[in-house]
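Notes follow the structure.
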Amino acid sequence: SELVAPAVRALLKTFQMVLWPPHSGTVIGTNPLFVYCHHGQALKLFRHLATRKILVRPFPDRTEFLRFGLHKTKDELDRLRQALREFSDA
């Protein structure tokens with residue numbers, strides 16, 4: 001949909017700018033509901049985001065993968081960006 005594409009692009013841009021360079025993550029796939037990623041510290045990232053009340057889906061049998069739901073508002077994206085910056089700076 002026309003509204004989903006900008007949300008996906010914004011989330012991918014956030015990952016490129018904030019998260020991936022220092023921690024070697026990769027976007028595996030996207031769809032209109034979420035972005036599926038590989039990250040070398042996925043469980044640590046999952047815990048970090050959870051302490052900030054940002055929920056992503058981990059995969060117990062694939063511990064280096066996370067699924068991020070798309071944000072609905074700019075404020076939600078800003079919260080995620082801030083949490084990812086904190087993680088990258090740690």
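Numbers for residues simply follow the sequence, beginning at 1. Here the structure is a predicted model, which is why all the values come from computation and not from measurement.
Leu45 and Phe68 make their closest contact through CD2-CZ, 4.1 Å (heavy atoms, listed as atom of the first residue, atom of the second, distance). Smallest separation of non-hydrogen atoms from Ala83 and Leu49: CB-CD2, 3.6 Å. Here the closest heavy-atom approach between residue Pro60 and residue Pro58 is recorded as CD-O, 3.8 Å.
Take Arg52 and apply the salt bridge (charged side-chain N to carboxylate O under 4.0 Å, His left out) test, not counting sequence neighbours, and it matches Glu86. Legend: residues meeting salt bridge (charged side-chain N to carboxylate O under 4.0 Å, His left out) with Lys74, ordered by chain and number and at least two apart, are Asp78. Under the side chain to side chain contact (heavy atoms under 4.5 Å, CB included) criterion, Leu55 pairs with no residue at all, not counting sequence neighbours. Under the side chain to side chain donor-acceptor pair (under 3.5 Å) criterion, Glu76 pairs with no residue at all, not counting sequence neighbours. Taking the side chain to side chain contact (heavy atoms under 4.5 Å, CB included) definition, one finds that Arg79 meets it with Lys53, Ile54, sequence neighbours left out. For Ala42, the side chain to side chain contact (heavy atoms under 4.5 Å, CB included) partners at least two apart in sequence or on another chain are His39, Leu66.
In this structure, Arg62 fails the cation-pi test against Phe59, since its NZ or CZ atom is not both closer than 6.0 Å to the six-membered ring centre and inside 45 degrees of the ring normal. Relative to the ring axis of Phe34, Arg67 places its NZ or CZ within 45° and under 6.0 Å from the centre.
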Audit row: Val27, Val35, side-chain contact (heavy atoms from CB on, under 4.5 Å) steps and yes/no
CA-CA 7 Å; Val27 172; Val35 174; 3.8 Å; yes

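Note: Phe65 and His38 have perpendicular aromatic rings, judged against thresholds of 30 and 60 degrees for the angle between ring planes.
The hydrophobic clustering, which links ILVMFWY residues whose side-chain heavy atoms are closer than 4.5 Å, places Leu43 and Val56 apart.
Taken to the nearest 0.5 Å, the CG atom of Leu80 stands 12.5 Å off from the CG atom of Asp75.
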